[in-house]
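Encoded as structure tokens, the structure appears first; notes follow it.
In this chain, numbering begins with 1 at the start of the sequence shown.
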Amino acid sequence: MPPTDRIRDHAGQGAPTVAAQRTRRRLRADRARQLADLLRHQLLTGSFAAGTLPHESTLATDYRASRNTVRQALDLLRAEGLVERLPGVGTVVVAQKYPHGLDRLMGLAETLREHGHVTNEVRTMGPAPAPVPVAERLHIPPGADVLYIERLRRLNGLPLSLDLTYIPLDIGTALLGADLENTDVFRLLEAVTGQRLGHAEITLEAVNADAHSATVLEAPRGAAVLMLERLTHLADGRPVDLEFIRFRGDRITMSGLLHRSL
């Protein structure tokens, strides 16, 4: 057989092997991601006694996975900052995410009251001309003043969210002397207007933290944060509170109860 033919024959034999190896790596990565999703739910809901995950061999048996797949899944959770490997102890939970419901209209302190104390650091507060998109959403003339509030919100001392809030000035003026450091804006709005809040339109998406947000939230620059945009209305339908809330994605989890209707 000529040398060139032997080279072609050898390359042809090797190609399926390389392809098979790539397929095995991809399948293991897929299984590791699936396992990480299952373990993440368990560790965030406190399913592991004393915050320690079972041994790798136990996880491999329980989930019918290889040890390499289990290690890869744990590496994914470690990269998220949820677990750490401690010599002589094993894999332990090192981070906690707090649940934030999306099916009830509540302030942050009301939502997380079972998990600790929420405090607000008011970074900026005062009248400001409403940008056109804000004026349109709040149904006020373009350029009309609104009350602008920027707050860093902490849970048990840990930075949790950076909230940017716009409120029509005829309502917002009454909030200037209010205790915003310890009271949800929702409660203050109901007290000032004498009405209950009615409903809110929300949009939730992941965005990268800009330099300012990352610094305030004490998060890595460019880290993913959960952006909740919420327009809240009074019971009579008037829009009174437009918020852009950046949550640290490693400290909050969003949940809700949905009913199917066609």
inquiry  = salt bridge (Lys or Arg N to Asp or Glu O under 4.0 Å) for E110 and R104? Distances and angles first, verdict last.
reply    = CA-CA 11 Å; E110 295 171 324; R104 297 183 64 189; over 6 Å; no

task = Starting from the C-alpha separation in whole Å, work towards a yes-or-no answer on salt bridge (Lys or Arg N to Asp or Glu O under 4.0 Å) for D30 and R26.
result = CA-CA 6 Å; D30 290 344; R26 180 182 62 78; 3.3 Å; yes

query = Between L39 and F48, does a side chain to side chain contact (heavy atoms under 4.5 Å, CB included) hold up when you go through it step by step?
reply = CA-CA 10 Å; L39 295 175; F48 297 120; 4.0 Å; yes

request  = Would you sort out whether L162 and E150 count as a side chain to side chain contact (heavy atoms under 4.5 Å, CB included), showing the intermediate values?
outcome  = CA-CA 7 Å; L162 177 62; E150 178 177 314; 3.9 Å; yes

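A salt bridge links R151 to E243: at least one charged side-chain nitrogen sits closer than 4.0 Å to a carboxylate oxygen. One finds no salt bridge joining R238 and D236 here, because no Lys/Arg side-chain nitrogen approaches an Asp/Glu carboxylate oxygen to under 4.0 Å. Looking at R153 and E121, no side-chain N of the basic residue comes within less than 4.0 Å of a carboxylate O on the acidic one, giving no salt bridge.
I245 and L160 end up in the same hydrophobic cluster when Ile, Leu, Val, Met, Phe, Trp and Tyr side chains are linked at under 4.5 Å. Linking ILVMFWY side-chain heavy atoms closer than 4.5 Å, directly or via other members, places L188 and M125 in a single hydrophobic cluster. Put simply, V122 and L175 are part of the same group of oily side chains (I, L, V, M, F, W, Y) that touch within less than 4.5 Å, one to the next. Under a hydrophobic-cluster definition in which Ile, Leu, Val, Met, Phe, Trp and Tyr are linked whenever side-chain heavy atoms come within less than 4.5 Å, directly or via other members, Y148 and L231 are assigned to the same cluster. Placement of L204 and V207 in two distinct hydrophobic clusters is found when ILVMFWY residues are connected by side-chain heavy-atom separations under 4.5 Å, directly or transitively.
A donor atom on one side chain and an acceptor atom on the other are not found under 3.5 Å apart for T58 and T61.
L138 places none of its side-chain heavy atoms less than 4.5 Å from the side chain of V240. Residues P129 and D145 have side chains in contact (heavy-atom distance under 4.5 Å, counting atoms from C-beta outward). Within the 4.5 Å cutoff, the side chain of V146 has no heavy atoms near those of the L169 side chain. Taking 4.5 Å as the limit, some side-chain heavy atom of H259 sits within range of a side-chain heavy atom of L257. Put simply, the side chain of N68 reaches to within 4.5 Å of the side chain of R71, judged on heavy atoms.
Under a cut-off of 6.0 angstrom, the local environment of CZ in R196 is sparse, with at most 12 non-hydrogen atoms contributed by other residues, nucleotides or ligands.
In the hydrophobic clustering (ILVMFWY side chains linked at under 4.5 Å, chained through shared members), V132 stands by itself.
Of all non-hydrogen atoms in M106 and R230, the two that sit nearest each other are O-NH1, 3.8 Å. Heavy atoms only, all atoms of each residue included: F186 and G107 are closest at CD2-N, 3.5 Å. Here the closest heavy-atom approach between residue A109 and residue V118 is recorded as CA-CG2, 3.9 Å.
Rounding to the nearest 0.5 Å gives a distance of 12.0 Å between NE2 of H117 and CZ of R154.
The salt bridge (Lys or Arg N to Asp or Glu O under 4.0 Å) pairs that include a residue from residues 36-49 are D37-R40, R40-E80, where partners are two or more places apart or lie in different chains.
Residues passing the side chain to side chain contact (heavy atoms under 4.5 Å, CB included) test with R85, sequence neighbours excluded: E56, R78, T91.
A side-chain donor-acceptor contact under 3.5 Å links T45 to the backbone of H41.
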